[in-house]
Number of protein chains: 2
Amino acid sequence: MTKAICMKRRKNGMKNSISTTPGPAADFSEDEKIDKKSYLPAYAQISRILKQRISKGIYAPGSRLPSEASIANSFGISAMTSRQAIGILAEEGLVDRIQGRGTFVKRLKFTYSSFGLDSLRKVFMDRKKLEVRIINAKVMTASENIEKRLELEPGSSVILVERLIFHDKKPVIYQISYALAEPESPFVETMLDTDVLTGLLLEKDFSSFKKAELRLLPSSLNKKDAALLNLKEGESVFRLEHTYYDFKDVPSAFGWFLITPEKMPLISRMGVWHD
Amino acid sequence: MTKAICMKRRKNGMKNSISTTPGPAADFSEDEKIDKKSYLPAYAQISRILKQRISKGIYAPGSRLPSEASIANSFGISAMTSRQAIGILAEEGLVDRIQGRGTFVKRLKFTYSSFGLDSLRKVFMDRKKLEVRIINAKVMTASENIEKRLELEPGSSVILVERLIFHDKKPVIYQISYALAEPESPFVETMLDTDVLTGLLLEKDFSSFKKAELRLLPSSLNKKDAALLNLKEGESVFRLEHTYYDFKDVPSAFGWFLITPEKMPLISRMGVWHD
DNA sequence: AAGTGGTCTAGACCACCTA
DNA sequence: AGGTGGTCTAGACCACTTT
């Protein structure tokens with residue numbers, strides 16, 4: 001019953017709620033019609049229909065879509081709504097909008113794709129199977145590389161924390177991170193306990209950062225790291241470097257993850273995959 | 001002069017074009033005001049201002065933004081426009097909108113980031129420095145792996161094409177691709193000449209595909225590939241696998257690129273980086 | 001001049017959440 | 001009940017491109 005309320009969601013009490021008479025300038029599209037009483041918004045319905053047409057090749061790659069005005073007209077909706085529908089396709093990278101010329105179906109160009117870290121999120125969200133083990137934590141003098149990354153004076157002290165992340169009792173991610181050793185900072189205390197990793201990933205409410213930069217690299221395991229991850233030396237893994245900046249734009253933490261590609265499949269899809 | 005025309009772009013012929021009198025329900029925001037005569041749309045100006053406030057920590061991570069209505073009110077714009085402004089922030093991943101609750105500044109969670117292939121695009125766009133050399137092309141019986149990837153009957157023939165892509169006279173990308181050997185298909189002819197690579201990347205107008213899937217993997221060079229790319233055996237590279245599907249959802253082409261990370265830096269930024 | 005996408009308004013109603 | 005985001009309208013005007 002609670003669902004049933006949702007079903008008659010779409011507004012029906014507007015000026016023109018006629019359903020039998022199509023009204024002027026409508027109903028000359030022979031195929032799909034939109035259902036104003038549906039729980040799916042009109043713009044989503046239009047968007048779906050247009051996507052299907054692209055999928056069927058009715059609107060071929062490179063060709064022009066009908067204008068926003070004519071789409072609005074043929075479906076009996078306002079221009080803003082048809083625009084919103086096309087906006088969905090544009091966001092999904094299916095079409096390009098060019099002012100004054102029209103909207104065009106994109107050709108598949110993989111250099112426009114991108115890879116998200118959703119799969120990694122799944123690993124971290126599965127908290128029952130997750131275990132984070134600190135295998136090393138100490139204060140040390142920064143190496144030259146770390147000095148550069150954290151913009152430190154020569155000879156500065158930094159905190160080093162090494163972690164091993166287990167999923168299903170198996171080690172899957174190795175992390176190492178560095179931060180300036182400022183005993184006063186609340187940052188340091190937290191680091192030894194929850195840290196960038198658990199803090200930022202596990203909603204631990206520790207994120208007074210303004211911005212961060214990630215860099216993804218291919219890497220092969222050295223002897224030590226391979227042993228930790230229970231893999232063979234030389235095996236290929238992802239290396240995910242991270243630098244976090246505070247609100248003064250000072251880099252506060254730097255480190256990297258080593259992750260097996262099985263635990264982090266990076267997949268990107270182009271074109272029409274659904275409907 | 002042509003630029004000057006652009007400068008007075010913003011419409012001024014609307015009902016209330018008063019510039020001295022602020023009008024009702026405006027001018028109680030003490031800081032920034034928007035310039036209706038600016039060439040920058042109002043929604044972009046609002047968006048920029050809100051972004052700056054996030055950047056300064058005025059709107060802290062996790063906190064709620066003013067409601068769309070109150071933003072519209074305080075800047076003297078319509079609700080739709082303020083909504084559009086906030087939409088920009090949402091698209092950029094800076095805020096989350098939750099119906100009935102409000103709009104909240106996101107905490108930095110790197111599992112929500114993604115990596116784009118823009119850098120690769122630059123390599124391919126630089127056509128003067130680009131050279132594509134076919135180093136092998138033949139018809140052969142599909143291996144078990146290729147059979148599976150292209151959903152072929154056992155014993156099917158496929159076309160194999162190996163390429164080496166030079167940038168600045170140096171080999172930077174190695175590509176191998178397979179496609180079903182159908183002598184009738186226009187696909188095959190094109191493949192030996194322009195192919196998936198040049199076709200899809202270099203605007204060669206060859207893209208009658210419905211969809212495609214890419215997969216990014218870490219890999220290390222074997223002896224042969226290292227020699228081709230002028231690198232050391234065992235060096236870490238990106239392996240970018242691609243599968244293209246035609247409009248009948250049949251996989252038509254499969255292959256992969258080997259790319260040095262220097263030629264394809266994968267960087268992702270979170271939070272406020274500009275303004 | 002006509003057509004296209006882009007911006008904007010001033011309203012309206014809806015679904016959801018918190019109180 | 002009141003506030004918040006989400007959808008929608010019927011217009012208007014603007015900037016750009018093509019004819």
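So that the names make sense, note that chain A is the first sequence line, chain B the second, and so on, each numbered from 1.
What separates CD of A:Q84 from C1' of C:dC8 is a distance of 15 Å, to the nearest Å. If you take CG of B:L40 and P of D:dC14, they are 18 Å apart, rounded to a whole angstrom. Residue A:Y43 contributes atom OH, which lies 9 Å from atom P of D:dG6 at whole-angstrom precision. Atom-to-atom, OH of A:Y39 to C1' of D:dC8 comes out at 20 Å; the value is rounded to the nearest Å. Note: CD (A:E68) to C1' (D:dA15) measures 14 Å, nearest angstrom. Residue B:I86 contributes atom CD1, which lies 12 Å from atom C1' of D:dG6 at whole-angstrom precision. Whole-Å rounding puts the A:I77 CD1 to D:dG11 P distance at 15 Å. Note: CG (B:N73) to P (C:dA10) measures 12 Å, nearest angstrom.
The side chain of B:M80 lies closest to D:dC8 when the candidates are C:dT7, D:dG6, D:dC8.
OP1 and OP2 of D:dC8 both lie 4.0 Å or more from every side-chain N or O belonging to A:R83. Taking 4.0 angstrom as the limit, B:T81 places a side-chain polar atom (N or O) nearer than this to OP1 or OP2 of C:dT9. For the pair A:T103 and C:dT4, the criterion of a side-chain N or O lying under 4.0 Å from OP1 or OP2 is not met. Side-chain nitrogen and oxygen atoms of A:S67 include at least one within less than 4.0 Å of the OP1 or OP2 phosphate oxygen of C:dT4.
A cation-pi geometry, defined here as NZ or CZ lying under 6.0 Å from the six-membered ring centre and within 45° of its normal, does not hold between B:K210 and B:Y245. Geometrically, B:K106 engages B:Y112 in a cation-pi contact defined by less than 6.0 Å to the ring centre and at most 45° from the axis.
Note: B:Q175 CD to B:I165 CD1 = 5.5 Å, rounded to the nearest 0.5 Å. Interatomic distance, OG of A:S67 versus CZ of A:R101, reported as 15.0 Å (0.5 Å rounding).
Contact check of residues 89-102 of chain A against DNA chain D (heavy atom, cut-off under 4.0 Å) returns A:Q99, A:G100, A:R101.
Listed for the B:W273 side chain is no donor-acceptor partner under 3.5 Å among the backbone atoms of A:E213.
Among A:I86, A:I71, A:D96, the one residue that satisfies the side-chain contact (heavy atoms from CB on, under 4.5 Å) test with A:T103 is A:I86.
The pair A:E68-A:R97 meets the salt-bridge criterion, with a side-chain N (NZ, NE, NH1 or NH2) lying under 4.0 Å from an Asp/Glu carboxylate O.
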